[in-house]
Structure formats: C-alpha cells, structure tokens
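Working notes, beginning with the structure itself.
Each chain gets a letter, A, B and so on, in the order the sequences are listed, and its residues count up from 1. It should be emphasised that the depicted structure is a prediction, and the values quoted were computed from it without experimental measurement.
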Amino acid sequence: MDTTELIRAYQTMRTIRLFEETVVTLVNANEIPGVTHEYIGQEAVATGMCAALGPDDVLTSTHRGHGHIIGRGADPGRMFAELMARVDGLNHGRGGSMHAADVSLGIYGANGIVGAGAPFAAGAAWASGAPGAAGEPTTDRRVRRVSVAFFGDGAINQGVLLETFNLAAAWELPMVFCCENNGYAVTTPAAASAKVTPSERATGFGLAVREVDGMDVEAVYEAAQWAVDHARSGRGPVFLDCRCYRFVGHNTGEHMLGLQYRTHDEIELWRGRDPITAVADRLRGHGLADADLARLDDEVQQHIDAAVTFARASASPEPATAMDYMYATPTLTTATRWGHR
Amino acid sequence: MDTTELIRAYQTMRTIRLFEETVVTLVNANEIPGVTHEYIGQEAVATGMCAALGPDDVLTSTHRGHGHIIGRGADPGRMFAELMARVDGLNHGRGGSMHAADVSLGIYGANGIVGAGAPFAAGAAWASGAPGAAGEPTTDRRVRRVSVAFFGDGAINQGVLLETFNLAAAWELPMVFCCENNGYAVTTPAAASAKVTPSERATGFGLAVREVDGMDVEAVYEAAQWAVDHARSGRGPVFLDCRCYRFVGHNTGEHMLGLQYRTHDEIELWRGRDPITAVADRLRGHGLADADLARLDDEVQQHIDAAVTFARASASPEPATAMDYMYATPTLTTATRWGHR
Amino acid sequence: MTVMRYQKALATAVRDEMAADPSVCYLGEDVVHSLRGVSSGLAAAHPGRVKDTPISEAAFTGFATGAAMAGMRPIVEYQIPTLLYVAFDQIVNQAQKIRLMTGGQTRVPVTYLFPGSGARLGLAGQHSDHPYTLLAHMGVKTLVPATPQDAYSLVRSAIRDDDPVAVFLPANCLPRKGDVDVAVTVPIGPAAIRREGTDVTVVAIGHLVHEALAVADDLADQVDVEVIDARAAHPFDWHTLTRSVTRTGRLVVLDDTNRTCGWAAEVAATAAEELFHHLRAPVRRVARADVPMPFAPVLERAVVPDREAITAAILETAKA
Amino acid sequence: MTVMRYQKALATAVRDEMAADPSVCYLGEDVVHSLRGVSSGLAAAHPGRVKDTPISEAAFTGFATGAAMAGMRPIVEYQIPTLLYVAFDQIVNQAQKIRLMTGGQTRVPVTYLFPGSGARLGLAGQHSDHPYTLLAHMGVKTLVPATPQDAYSLVRSAIRDDDPVAVFLPANCLPRKGDVDVAVTVPIGPAAIRREGTDVTVVAIGHLVHEALAVADDLADQVDVEVIDARAAHPFDWHTLTRSVTRTGRLVVLDDTNRTCGWAAEVAATAAEELFHHLRAPVRRVARADVPMPFAPVLERAVVPDREAITAAILETAKA
Ligand SMILES: Cc1ncc(C[n+]2csc(CCOP(=O)(O)OP(=O)(O)O)c2C)c(N)n1
Ligand SMILES: Cc1ncc(C[n+]2csc(CCOP(=O)(O)OP(=O)(O)O)c2C)c(N)n1
Ligand SMILES: [Mg+2]
Ligand SMILES: [Mg+2]
C-alpha cells in the first residue's frame, strides 16, 4: 500500500475500533438493545478486503458484522442509529446489529444464522454475469460484480456454507470466501470442531486458496486484490483463510458469564499484534509524525462522536409501523390481518 | 476371496439382481405401489461392503437401498412383502422401498432424503464406544460396532452429509463412508455438480480415503475390510469412493420419461463390465463348472420365487391400524386425536 | 382459450414468463432434462438462465435470494415437497424476513415451485407431505392452484410478485384438464367461488376443491353446498369467506395437511372468532390424520381426507 | 421442596437424569462451558457423555437419532430457537417419522432443548421466534414448561420418554423463581389448571401463563378467570379444556407464535368444532402478529401478546 492507501486503511481500522468501543459503552448503558458481537482485533480483515472491492461488488456479513459494514463505507451515524433502533438507522430500526445492511453499498446484510448469508453472495455473483441480470459481463469477460462472503472458522462446519463452496467452485462464480479464522466459535476452539484447517477444507472443494495473516492489513489487501482479480477475470472463486483473533468476548455480554476458554497469555500474545498499532508503526515508517497520527485519531473521534449524536437525535419508530416493510407487494388480505391481533 | 467367499458373493449378487428384476416386474404389474430405485449394476458394492461387516455393525442406506438391505442379509420374502405393502413386510407395510429397514440386522433404514441417513450412522458409531451406550469398547480398544453410511455421488453436495464427514473426522468415529459413485444424480453428471472428485472432497475433511473399483466385488471387499478394520481399531473414519454404474434408469418409472442423459455407448460399455458376469468368470477360474453356476442360479431363483410367494400370501394392513407405531410412548391425548379426523 | 392439462398450464406459465422477462431464471435439480415436466425446452430456449443444481437445497435457495436481491427473478423447483424442510431456514428465516429486517431496502422476488405436492398413493413417509401450512404460518405467500387456469395465472402472478411466493402444485391436480385463457390474470389474494350454494360453505384448497365439488354434486338433492377455492393458504381471503358464511351459517374446511395446527385450523378459528354469531352449527374440519404417511395404500387412504369423510362432515354440518 | 429459579430447575433436571441413567448424553454448541447455563458441571461429572458439537445442527441432530436408535438417550441443545429451521428435516422428516416408517422396529428417545426461546426485547428477526407450533403441526411432542417445577419435572419426563420430545424454555421464564419438589413427576399430556374461575377460560402456554395469571388477578373484581396452562403444545389436553369450557362457555387462547395457523388456532378450531354448543361468546385468540420480529423494542412490544391485549380479549369475551 502506498502512504495514501495506508492512511485510509488506518482511518478505517480506527473507525471500526472506535465504533466498536462505543458500541460496548452504549450496550452497557442500555442505549443499544439486544446483543452485539464486537469486531475488535479483526479490523485488518474487513479493511483490507473491502479496500480491494469495486463499487458494484457485493458482500454478505455475519453476526460479527459491524467491521464489514463500516469497512465497506456505510455511514457510522446511520449504523449507530440502527443499533439504537432508530428510524434513521440503515434498516430504519428493523434489523439491529445482527441484520444491519446497506444494500445501496452492496452490503447484503449481517446475518444471525452462521453461514446463511454466503449463498446470497453466490447468487449475486452469478447475477452479475447472467443474462437478464442487472450486470452483464463486460466485453473483456471481466464481470462487473464480484461477491465476498465473510464468515468465521466456526461456520466452515455448517452445511449451507459447505454447499455454497461447492456451488461456487462447480459454477466458477466470481466470488471470494473470506474466512475470518479467529480460532474460536464462541468457546469452542476451531481444532476441536474440525480435523483440518479451513484452507485444507476449501481445497477439497476446488477453491483457489490462500492463507493470509489477518492481523496485517497490507497482507490482507494484497491477498484480497489477487482474489478479487482472480474472481473478476473469470478464473473462479477464491478462499482466503485469514488468521486473526478477537481481543474481546464473543459478544458484549460474555464477560458476565465468566467463561474461561482462552488463557490470559494467549489473549495478551495476540493483543501484542494489534493490527492498528502495526499500521501506526508502518505509517511512522512512511514518515508520519506522532502528531499526524494523533490528528487522524482525532478526526475519527469527531466522526464517531458526531455519529452518536446523529443517532441519539433520531426518533424511535412508531408502534403502528410495526408491520411496515413486510411485503413488497402487499395484498388486501395480508394487510388486513394486522387488525386481527 | 477364497472360493467359498466368492461363491457367497456370487449368490448375494445374483440374489440382489434377481430381486431387482423381479421388483421391476412387480412394479409394472402394479403389485408394488410407489417408486423404486433399482440397484442393478451396483451389486458388487453392497456385496463387498457388507461381507466385511460384523454382526453388531450398523448401516444406513439410501433411496436406492434394496441392494444394501439384501446384501446385509435381510430376508427377501419380508423385503418383497414390505415393497408390496403387506403386514409381514420388514416394516409391516409402513415404509416401502424408500424406508425399508431391518433394525435387528443393524440396517437403520433406506432414506427418501439424499444424505440424511449418514448422521444416524455417525451417532450409532459413537454410541458403540460411548459410556452408557449398549456397546462398550472392548478392552483392546477395538469398538464393538462400526457404522457404514452408503450414499451416492450426488449426495456429496448435500449439507448434512458434508457436516457428517466433518463430525466423523473431528470425533474420530468408527465409521465408513461408502460412496457409490455411479456418475449421475438422476440426469445430472457428477462432474457438472462438483469441481472435485468425491475422494478429493473427502480428503479435505480429513477422512482416510481410498478409491475402489466398484464393479469388482473382490476389490470392494478388500477395501472394505481395510476400512472396517481402520475404523474398528480406532484409527478413525474412512471414505471409500466406489466407482460404479447403474445399468437401468434412476427409478422404475424413468423409461416412461424418455430422458436422454447417458449415451447408449456409455451404458453398453459399463454393461460389458457386469460385476456378476465377472464373478462368474472368476469362479470358473476357481474351478466351478457352468453346471455349478447354473445350480447356484437355480437356487437363487427358487429363493426369490419362494420370497414372492411368501409376500403375496401376506395380508394388507387393516385401515384401522393406520396410526400404529406412531409413538413409542403414547399419551392419552395423542391417542384420542385419531377420533377427530 | 384452449383446453390444457394442469401440468402443461404450469409449464406454459413458466415458459411465458421466461420469454417475457429476461430476469426470470430457473433453478433446480434435473431441470435441464425437465424431470418434473415443468421446464421442458427451457434450457434450449434460454441458455444460461436454466441451471441444474447440485443436490444442495439450502444453498441454491439462498443463491436464489442473492440473485433476487441483485435484480433477477429466480424460480426454484424442488424435486420433492419435503425438500422444503432441508431448505427451511433459507426460506422462512432468510428470504422471507430480509425485506422487513432491512427496513425495506430490498425485495426478494423468488418463486418456489413444488410440483407434485401431497400424497400420490404409495410414496410413503417422506414423499407425501403437503407442507403449505408451515409456510403460511411463517407468513410466506403460499399458493395452491386447483385448476389449469389457476396453475397458469397464479404461477405468473407468483413470478411477477416482488416477494417470495411458494406454489404447491398438488400431484392429484397435475393430470387434470381444463380451459386456459392465457390472457386471464389471477391476482394473489382473492379466493374463487367454484360453486354457489345456500346451505353449507365448504372451503377447500388444491385438489380438495375438486373433491368438494364432486361431493357437492352428489349431495345436490339434499344440501346446497357452496364451494370456495381458497387458492392461497396465505394470504387468506376473509372477505369471501365472511360473505359466504354470513349467508349459509355453516362451515366445513378441507385441508390436506396434518389436522393439528393445520391450515383448516386457521380458517375454523377465525370463523369462531369473527363469524360466531352467524354460525348455526359447529365448524367442521376434514384434514389429514396427525401421522407420517404410512406406505401401504390402504393405510394412506385411511389418513387423507376422502369423499366419504367430506360427505359425512357436510351432512353432519347441514343437519346440526 | 426448595425455591429454585426456572433456569436452575432445568439444569437440575438434566443433571439428575444424567446421574440416574448412563445412557443419557448431552450434545450442543458450547455446552462444555455451558454458554446457555443448562449444562454447567456436566462435562466434568460425565466425561465423554457431554459433547461440544461443531456448528452443524443438521448433522448433530441426525447424530442424536442414530445414537438413540443404538440405545442412548441423547439430549440436544440448540443455542437459538430458530436453529430448529436448520435442523428441520432431521427432526420432522427423520427422527419423528422413523418409528412409524420402520413399523415400530425402533424408538428415537431424543430430547431437543431450546433454552431461551421466544422474544427477549431486542433480539430481532432471527433470534425471537418461538417455533413450537411448527413441531406441534408435525406431530412432535412439544412441551413449553411455564414454572420451575414443570421445567424440572417435564424435562425429566421428556428425557425418559421413548419418542422425540422438543422442549421450549421461554426466555421470559428463565429468571422466574418457584417451589420445586424433585420427587414430583409431571407426565407429558395433562394440562394444569393454574387458577380456577367460572366466567372465562384462558388457555395459555409458557410465559403467557404468567401473563394470564397477572391479568386474571387484575380483573378479579370484574371477571372470574380460569387459567389453564397447556404445558404441551402437542399433545393437547382436550379433556381439561372441555371440562372448563363446558362450565365457563367462554374461551380466550394465548399464543406466542404467529397468529396464522398458530397453536391458538388449533385450540380455537377444536373448540368451535367440539364445544360449539357450550360457547356463549366468540372464541378469542391473542397471538403474535404475522410478522418477523422487528428489532426496535417499541415495535417488538407492538407485535407480541401483552397484558393490554390479553385484558382486552378477556373483557370482550366476558361481555360478549
Ligand atoms: C447455524 C448457527 N448455529 C449456531 C449459532 C450460534 N452462534 C452464533 S455465533 C457462533 C460462533 C460462530 O463462530 P465463527 O463462525 O468462528 O465466528 P466468530 O464468532 O468467531 O466471528 C455461534 C455458534 C448461529 N447463530 N447459527
Ligand atoms: C435432499 C434431496 N434432494 C433431492 C432428492 C431427489 N433425488 C432423489 S435421488 C436423487 C439423486 C441422487 O443421486 P446419487 O446420490 O448420486 O444417488 P444415485 O441415485 O445415483 O444412486 C435426487 C436428486 C432427494 N431425495 N433428497
Ligand atoms: Mg471464529
Ligand atoms: Mg449417483
């Protein structure tokens, strides 16, 4: 990455981190209802991956989706508003953390069911080259749209995702499987749930595979560029096995349960590899002064503060609108059922 | 295989073949209701695999299950009776072709849903060594029960089977995945549905894999012995990729549809490798005369004829018994619902 | 207007929509060779828009969702009705919910086709279900056309609808013949009164509409039966039901799903709530017994709604 | 007799059955660390009989089926109620049907636990369902204990039952406290009359039993409400219902699943069929609106049955 790109990556990663730290505060203050899963520690993956995407590309996200959504460029204000269940939220307060989406940016949504979003990415990838779909293949055989499916190491044991690996490989879909291999599915170590690594499994489906240091945004970006180009140029789907770590609990509430499935040492070891600190160090290598970094941090802080202010100012939905958005083509009789409650 | 074993294999294969030919006749004569999927051409797989099993071993079968069930030693009379929906059927006329089972022989059933039986095999395999389960591990760490899951090449794209591959590998279950790779899922060639071979896929889950000539009963038997021993001795699950072919349509009714997905030449090529003819030839090599073979054939014919006679003599279930066997522990209220029809 | 078999009308609807709209595509197992007779000739006419899928119902259902969000209008064919269960999460928890969950940011115009749904003597436990109730309960628009005209027109409406729509095409309807006018539009929603009558309202769906009509004719000199074809398990046309029951005061509901919490329960329950003061006799349901389909045809006949049970219910209701 | 939280009673039932019967085992995601609080300490007490599963609901559900056929009595825990949809085929099309399909050759004694089912303010579209109706419709024995005593005793009955039994443990019940006598057996089947009354029969299930009781107390000087806790969505105790409605002539049914074809529909429909001549007022259902759960708590409150709606339904019924 050149300096400009690296600065942008730093800004994105800082934004995700601060967004997430703010989310934790807001959850604990009961300003955000429900359950959220923080992306803290994994910022390099979403940032590097999204940096390689073009404007028409599509992504599907997970329960741990904030990083992908912010990384892809969604407005933090509307994202906070969504998490805070406000009408100006991305989903008008209908989705919350686990279903946040910004379809205008190709974000087909977080998902509460592990693995379940991946086939959407496959379908969208296909539509980009299918006759009649919005995106015809361009003349040089490069497709307009590449899809990225994000998922964790735990997801690779879920049937629908495995089926999607196969579908993508068999149909040579222009898509990238981005496995955020943080080593755990909630409390369960990846190795307890599978005899092979994610890469080995993906190879067995005929996907092109690369292992990536998911704590290094430049490594992710480089791999992502290769992967997206591979897919876009019609050479078929790619699987990126991004080794990373979450610095915090599975979700905001985990600390209350007192679970002991990772050692203090292990957590500290990975925290020592903080992907944001790493980029800051590199930026210093690119000639940025501490003051420059402080200014960047400050900008992010202001951005997030403004976002929270925006969200707080947004209204709650009206109870009478609870059935809104249910059907795109309402029929007389579906509509009247509401009265029957 | 020594001569005795080979003769037994010949008898089994002939029995399956004649059973299936008789089924076709009975379906066409409307003596068997519903849909049946014939095993004709694949006899070597079930025969070789079942020959390697011990008395406590378990198998799960498929929609194309007659071969597995006869191969495992179920009574053809009770099997015909089941297909003819009679009270003396293995399932008392409740299951039919797609659900035929003989649990006393460890046959946990044919299955109408592709891939769906495999996890039962995994669970039964686990129970064989689990504390409290019927079968404790023997002292030499060899487990009492090995499970075999049969399935086709089309099934390896089905989520539940892929998840079961993983479960078996991760938990080192004593089980054998027996893939009957006949090259097609109904009309769809295996290569159109997957970029890799079944073996490659299975390797990617960490299963021990062997490719087998599924038209050669001795090759299957040898591989099956290895596989069962591998599983029984605690070395983990095995995947056998048995290359074979079905000589007839996907099911008895296919010929009425006039589908053209396999060439005449391809079918003839494989028919030229008829696994039963091959065994007959080898038996001649073992010194059997044509008359000996004719006598064996004759015995099989008599056996099947008697089986059909038995089945035809069996009564239809009484309509009033339609809810029988629904619950193992009926409750007052579940029972009374019948009256509400 | 031509006479057409139901199965042909269904196939023609798909063919006409594929021709009319390049964003319509067709996915399923063995659809290129048209194993189920819905997609004959489609692959040749529209190469690239007809895809044989691997045996991966969950994934190809989700695939259709994503393609729909990206601008296509996929039709997904399931080879067996119970494959709904394998794809269940992808239909009821994903495709169906995405629009509301995203606050209306997207539409999911997918049509799920279940040709040959319901029982067909001898298909046993896993091939005889008729699971339209499950989808109705989950709020999915769920159609069960009874006639060739409806097979044609409702399937076209389903494909043009901007929401997920499931269409069950009962095995017992596929061979039926009837007039089909391709110019006729049948919207999703309104029921059809197939026979007017004054004594008893019979609400039926799918092939049971024809059973109801046959019984009504048989009983014509004793009871004047009104037969309503619901057409959709969801949404249900309460207006037409209300008008009819207000006149007859008597209601029998026919349903080819398990009796407990089945579709007929909804109709009967709503009648008990909203039409109570019009009812002159207890509501009656004729539904499947709560049991997996036993294989033996003699047992199958004992657990599905048949003319005998329908006749008994109508007579009992008329006389109560 | 001790005072226990519902969640603790549930965990104790599992612990006691594991101790009593070596063929009972426990499977699910993160059960070794007991993420859902049901399996605390089990893995240490019974090494080998408690297994953390990969995120493979379909496979581990089928795994339990096979283990059950081989002599075990597995308990399967699902981390989210809607994971039922992912495992749907393996429960409703496999485990539930195998016994009948094999003509009684085998039993499938598996218990499916759904701790924390239903809505819990803010869990949104895919974590708020309460899908007991789906299983009841498919004939699966389906329990929804309301009290700590029932959480203890019904879970034990479920584990000892020789058929698949699903148990939904409503999120809104988990923190409740109550007396638990571990010597008490509660069989699967009979409902419980939680409050006797003469004016209106209210049938409820799960946490709605407590809502019903609270409303009944509130209304005590206007209406004398009888509250029946169904305990099981299937089988339903028609006998107890009949006895009650025969006296009160008025029925309100509370249901935490989608209204359309929901469990309340079954109760209301059967009442309209069998108790018609005893009914003095229209039956009323209070159920969820037919909509995926919207995230915003204010919207969630608008679509689930609440005391206001229950009160209105009871008063309306009492006065009709
Ligand atoms: C199909 C399914 N099973 C279980 C869950 C409950 N659950 C939510 S997140 C999670 C762990 C996911 O692990 P992984 O895929 O590695 O993602 P990570 O949380 O590590 O980012 C589980 C089990 C779910 N949401 N969906
Ligand atoms: C999950 C599922 N999907 C689709 C079907 C319909 N179907 C029955 S058999 C079959 C093909 C199976 O192919 P394969 O596994 O190769 O077995 P074969 O028939 O070749 O023995 C299909 C698609 C089904 N029964 N179950
Ligand atoms: Mg993980
Ligand atoms: Mg095959």
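Of the atoms belonging to Asp102(A), heavy atoms from both backbone and side chain fall under 4.5 Å from chain C. If you measure heavy-atom distances from Gln90(C) to chain A, the contacts under 4.5 Å come from the side chain alone. Heavy-atom distances place both the backbone and the side chain of Ala122(A) under 4.5 Å from chain C. Interface remark: Lys51(C) contributes side-chain atoms only to the contact with chain A (heavy atom separation under 4.5 Å). Looking at Asp161(C), both its backbone and its side chain come within 4.5 Å of chain A, counting heavy atoms on both sides. Proximity to chain A (any heavy atom under 4.5 Å) is shown, for Thr53(C), by both the backbone and the side chain. Both the backbone and the side chain of Ala101(A) come within less than 4.5 Å of a heavy atom of chain C. If you measure heavy-atom distances from Leu173(A) to chain C, the contacts under 4.5 Å come from the side chain alone.
A ring-centre distance under 6.0 Å is found for Phe165(A) and Phe177(A).
The ring-ring contact (aromatic ring centres under 6.0 Å, His included) test applied to Phe120(A) returns no partner, not counting sequence neighbours.
In this structure, Phe150(A) and His68(A) have parallel ring planes: the angle between them is below the 30° cut-off, well short of the 60° mark. The aromatic rings of Tyr325(A) and His92(A) sit parallel, their planes meeting at an angle under 30°, below the 60° perpendicular limit. Ring orientation note: the planes of His234(C) and Tyr327(A) are tilted relative to one another, at an angle of 30° to 60°.
Inter-residue side-chain proximity for Asp324(A) and Arg94(A) is flagged as met; some heavy-atom pair is nearer than 4.5 Å.
Between chain A and the options Lys97(C), Arg107(C), Met101(C), the largest number of non-hydrogen pairs under 4.5 Å is found for Met101(C). For chain A, the option among Ala58(C), Gly62(C), Pro164(C) with the highest count of heavy-atom pairs below 4.5 Å is Gly62(C). Counting heavy-atom pairs under 4.5 Å between each of Thr164(A), Leu167(A), Leu161(A) and chain C puts Leu167(A) at the top. Comparing Ser147(A), Gly95(A), Ala116(A), Ala121(A) by how many heavy-atom pairs each has under 4.5 Å with chain C, the most go to Ala116(A). Highest contact tally toward chain A, considering only Pro187(C), Ala64(C), Gly104(C), Gly66(C), is held by Gly66(C) [criterion: heavy-atom pairs under 4.5 Å].
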Open item on the list: side chain to side chain donor-acceptor pair (under 3.5 Å), that's the test. Do Gln149(C) and Ser153(C) meet it? Break it down for me.
Closed with: CA-CA 6 Å; Gln149(C) 180 71 59; Ser153(C) 301; 2.9 Å; yes

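No option in Tyr78(C), Trp263(C), Phe114(C), Tyr112(C) other than Phe114(C) meets the ring-ring contact (aromatic ring centres under 6.0 Å, His included) test with Phe168(C). Between Glu17(C) and the options Arg160(C), Arg73(C), Arg49(C), a salt bridge (Lys or Arg N to Asp or Glu O under 4.0 Å) holds for only Arg160(C).
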